[in-house]
A.B. asks: 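The structure's right below; bear with me while I get my questions together.
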Amino acid sequence: MPRRMLMPHKSVFSYSRPPKWLNGGHTMNSARCGYRVFSANSSEACMELAKKITERLGAELGKAVVYQESNGETRVEIKESVRGHNIFIIQTIPRDVNTAIMELLIMAYALKTSCANSIIGVIPYFPYSKQSKMRKRGSIVCKLLASMMSDAGLTHIITMDLHQKEIQGFFNFPVDNLRASPFLLQYIQDEIQNYKNAVIVAKSPDAAKRAQSYAERLRLGLAVIHGEPQCAELDMVDGRHSPPTVKNTVHKGLEIPCKHQSPFPGIELPMMMPKEKPPISLVGDVHGKIAIIVDDIIDEVESFVAAADILKERGAFKVYAMATHGILSSDAPRLLELSAIDEVVVTNTIPHELQKQQCSKIRTVDISLILSEAIRRIHNGESMSYLFRNIALDD
């Protein structure tokens with residue numbers, strides 16, 4: 001029997017107004033058009049986005065059962081014929097990431113062996129996207145996941161705001177990387193009073209391009225926080241933080257090369273300066289203004305909290321944190337509730353109803369409209385370029 005989960009209390013705030021250029025209203029008859037939409041997760045919290053998408057499409061969710069057996073194995077049973085149909089699998093990623101991945105892979109393989117025409121994965125937040133670069137004695141897990149999806153039978157992926165756009169190159173089939181920026185920009189214009197007095201803030205130089213894109217389209221100023229806390233993602237061990245402290249010269253017959261010495265005689269290795277991160281500082285004026293921190297992911301929130309403290313010290317009278325994916329792991333809701341951040345704005349690419357019960361500052365922007373429109377256009381063979389209208393490369 002599938003597991004049942006109690007539906008969390010609905011949040012007091014959920015923003016669903018789409019950007020002005022994207023108008024809904026298009027529907028499809030799933031029986032006539034030969035397509036089906038399935039949800040790869042059986043929990044109510046994760047099925048909420050799938051239900052919103054199918055409502056906009058004027059369709060019903062495909063009949064399937066997804067559950068965990070007593071020994072922890074995932075079982076998927078397709079309860080209707082999918083022969084010759086275009087299948088869209090909607091999979092949101094809850095806290096149990098690995099189980100969600102197995103649900104997606106097993107459902108895709110079940111549909112493949114049931115002779116589906118094409119299998120398109122709708123994965124608003126792509127898991128393991130932070131593990132897309134080689135680390136010392138590590139692995140590029142994102143590439144492994146792309147290969148697993150291809151082997152399972154997926155033929156196309158629809159996702160949103162990949163952590164690194166280069167991830168698309170890991171796949172041997174099409175990937176549509178949609179953007180949430182039009183919805184977040186619309187939220188700023190509609191919900192933030194006197195937003196013309198705001199400044200867009202990048203909490204690190206890595207986020208400066210995204211922040212600049214937001215600032216240019218809103219005709220606002222830009223500020224960048226320089227310097228990183230010691231727990232930042234880029235501080236992971238990759239071999240750059242332990243160079244030799246002195247020059248080593250190796251002479252033939254006199255010395256056995258050590259770990260950092262060259263194996264070739266007479267070769268002098270240049271001294272490398274260890275990387276040191278400067279203290280956190282702010283470039284830009286935020287005094288008396290609304291500071292809006294933008295990024296793609298809010299997960300461990302220590303860097304956002306530290307950025308908010310700096311902004312308040314420099315005179316910002318209100319601080320917003322805004323991102324596409326609100327993972328909000330571990331103790332993040334409590335830290336946000338106690339922080340100087342006044343409001344946290346994320347989309348519903350990831351279910352976070354439980355986190356909203358722990359933190360009253362979280363607001364949700366609905367992006368089901370653009371996902372449903374992407375499904376409609378792909379199935380009807382229409383161009384996807386309209387969904388990237390006025391989208392900047394750095395979004």
Side-chain angles (χ1 to χ4, degrees), residues 2-3 5-11 13-19 22 24 26-28 30 35-64 66 87-97 99-101 103-104 107-108 119-127 129 154 156-162 176-180 182-184 186-187 296-298 323-328 345-357 362-379 387:
R3 288 186 175 179
M5 289 186 64
L6 293 176
M7 187 66 180
H9 296 292
K10 289 191 176 181
S11 170
F13 184 92
S14 182
Y15 182 83
S16 59
R17 180 180 173 184
L22 184 56
H26 298 288
T27 61
M28 297 189 295
S30 59
Y35 86 107
R36 293 286 188 276
V37 179
F38 288 88
S39 174
N41 196 302
S42 58
S43 70
E44 289 293 335
C46 294
M47 288 184 66
E48 183 178 352
L49 179 61
K51 290 178 179 178
K52 288 183 177 181
I53 291 174
T54 52
E55 286 174 3
R56 293 185 181 276
L57 291 170
E60 295 182 356
L61 275 175
K63 299 176 182 178
V66 181
I87 304 300
F88 295 86
I89 306 175
I90 300 172
Q91 179 63 315
T92 54
I93 306 298
R95 290 190 175 186
D96 192 352
V97 178
T99 297
I101 291 173
E103 289 173 341
L104 174 65
M107 177 171 279
I119 305 171
I120 299 95
V122 183
I123 314 169
Y125 169 67
F126 195 83
S129 58
L154 288 166
H156 196 144
I157 289 290
I158 302 173
T159 187
M160 181 166 282
D161 283 340
L162 286 169
D176 285 308
N177 182 27
L178 303 178
R179 307 293 198 276
F183 295 86
L184 297 175
Q186 192 73 45
Y187 180 92
D296 61 330
I297 297 174
I298 298 181
T324 302
H325 310 295
I327 302 177
L328 303 173
V345 183
V346 293
T347 72
N348 57 344
T349 56
I350 298 174
H352 50 261
E353 292 299 322
L354 294 177
Q355 289 90 328
K356 291 174 78 170
Q357 293 178 18
I362 300 174
R363 304 290 183 264
T364 304
V365 176
D366 181 25
I367 44 79
S368 61
L369 176 59
I370 193 170
L371 293 175
S372 60
E373 181 65 11
I375 290 174
R376 189 190 69 81
R377 287 177 175 271
I378 289 175
H379 174 66
L387 301 183

A.B. asks: Describe, in one word, how the ring planes of Y35 and H379 are oriented to each other, choosing from parallel (under 30°), tilted (30 to 60°) and perpendicular (over 60°).
C.D. replies: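 Answer is tilted, since the angle falls between 30° and 60°.
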A.B. asks: Locate the shortest heavy-atom distance separating F38 from M107; write the atom from each residue and the value.
C.D. replies: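 Heavy atoms of F38 and M107 come nearest at CB-SD, 3.9 Å.
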A.B. asks: May I have the step-by-step check of side-chain contact (heavy atoms from CB on, under 4.5 Å) for D176 and H156, ending in yes or no?
C.D. replies: CA-CA 8 Å; D176 285 308; H156 196 144; 2.7 Å; yes
A.B. asks: With side-chain contact (heavy atoms from CB on, under 4.5 Å) as the test, would you mind laying out the steps for I350 and T92 before giving the verdict?
C.D. replies: CA-CA 6 Å; I350 298 174; T92 54; over 6 Å; no
A.B. asks: Can you tell me how far CZ of R36 sits from OG1 of T54, rounded to the nearest 0.5 angstrom?
C.D. replies: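 If we round to the nearest 0.5 Å, T54:OG1 and R36:CZ are 13.0 Å apart.
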A.B. asks: Using modelled atom types and a 3.5 Å cut-off, is there a donor and acceptor pairing between side-chain atoms of H325 and backbone atoms of M160?
C.D. replies: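 Yes: the side chain of H325 pairs with the backbone of M160.
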A.B. asks: Can a donor-acceptor pair be found, under 3.5 Å and without considering hydrogens, that links the side chain of S372 to the backbone of L57?
C.D. replies: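 The answer is no, because no donor-acceptor pair under 3.5 Å joins these two groups.
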A.B. asks: Within the side chain of Q91, is there an N or O that forms a donor-acceptor pair under 3.5 Å with the backbone of G121?
C.D. replies: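 No; zero donor-acceptor contacts below 3.5 Å.
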A.B. asks: So how far is it from H352 NE2 to K356 NZ, rounded to the nearest 0.5 Å?
C.D. replies: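 Here the rounded value is 5.0 Å.
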A.B. asks: Can you name the one residue among T99, L104, V97 that meets side-chain contact (heavy atoms from CB on, under 4.5 Å) with I101?
C.D. replies: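 Between I101 and the candidates, side-chain contact (heavy atoms from CB on, under 4.5 Å) is satisfied uniquely by V97.
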A.B. asks: Mind listing the closest non-hydrogen atom pair of I367 and N348 along with its distance?
C.D. replies: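 The answer is N-OD1, 3.0 Å.
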A.B. asks: Which heavy atom in I93 sits nearest to a heavy atom in A100, and how many Å separate them?
C.D. replies: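 Smallest heavy-atom distance, with atoms named: CD1-CB, 4.0 Å.
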A.B. asks: For the CD1 atom of I298 and the CG atom of L328, what is their distance to the nearest 0.5 Å?
C.D. replies: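 One gets 6.5 Å once the value is rounded to the nearest 0.5 Å.
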A.B. asks: What pair of heavy atoms forms the shortest contact from I119 to A108, and how long is it?
C.D. replies: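 Closest pair (atom of I119, atom of A108, distance): CD1-O, 3.4 Å.
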A.B. asks: Is there side-chain contact between T324 and I297, with at least one heavy-atom pair below 4.5 Å?
C.D. replies: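 Sidechains of I297 and T324: no contact.
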A.B. asks: Please walk me through it: do F183 and T347 pass side-chain contact (heavy atoms from CB on, under 4.5 Å)?
C.D. replies: CA-CA 9 Å; F183 295 86; T347 72; 5.7 Å; no
A.B. asks: Is any side-chain N of the basic residue among E373 and R377 closer than 4.0 Å to the acidic one's carboxylate O?
C.D. replies: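 R377 and E373: salt-bridged.
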A.B. asks: Measuring from L154:CG to I123:CD1, what's the distance to the nearest 0.5 Å?
C.D. replies: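 Output value for this atom pair is 6.5 Å.
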A.B. asks: May I ask you to test the P351-L49 pair for a side-chain heavy-atom distance under 4.5 Å?
C.D. replies: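 P351 does not reach L49 side chain to side chain.
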A.B. asks: Any salt bridge between D366 and R56, counting N to O under 4.0 Å?
C.D. replies: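 Salt bridge flag = yes for R56 with D366.
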A.B. asks: Just do the side-chain contact (heavy atoms from CB on, under 4.5 Å) check on N177 and F126 with the steps written out, would you?
C.D. replies: CA-CA 10 Å; N177 182 27; F126 195 83; over 6 Å; no
A.B. asks: For I89 versus A40, what's the shortest heavy-atom pair and its separation?
C.D. replies: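 Smallest interatomic distance, heavy atoms only, reads CG2-CB, 3.6 Å.
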A.B. asks: Which heavy atom in L371 sits nearest to a heavy atom in P124, and how many Å separate them?
C.D. replies: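 Looking at all heavy atoms of both residues, the shortest contact is CD1-CG, 4.0 Å.
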A.B. asks: Just verifying a value: how many Å separate F88 CZ and I120 CD1, rounded to the nearest 0.5 Å?
C.D. replies: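 Reported to 0.5 Å precision, the distance equals 4.0 Å.
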A.B. asks: Output the distance between atom CG (D296) and atom CG (D161), rounded to the nearest 0.5 Å.
C.D. replies: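 Spacing of CG (D296) from CG (D161) equals 7.0 Å.
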A.B. asks: Within a strict 4.5 Å, meaning less than it, do heavy atoms of the V66 and N41 side chains meet?
C.D. replies: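 Result no, sub-4.5 Å side-chain heavy-atom pair not found.
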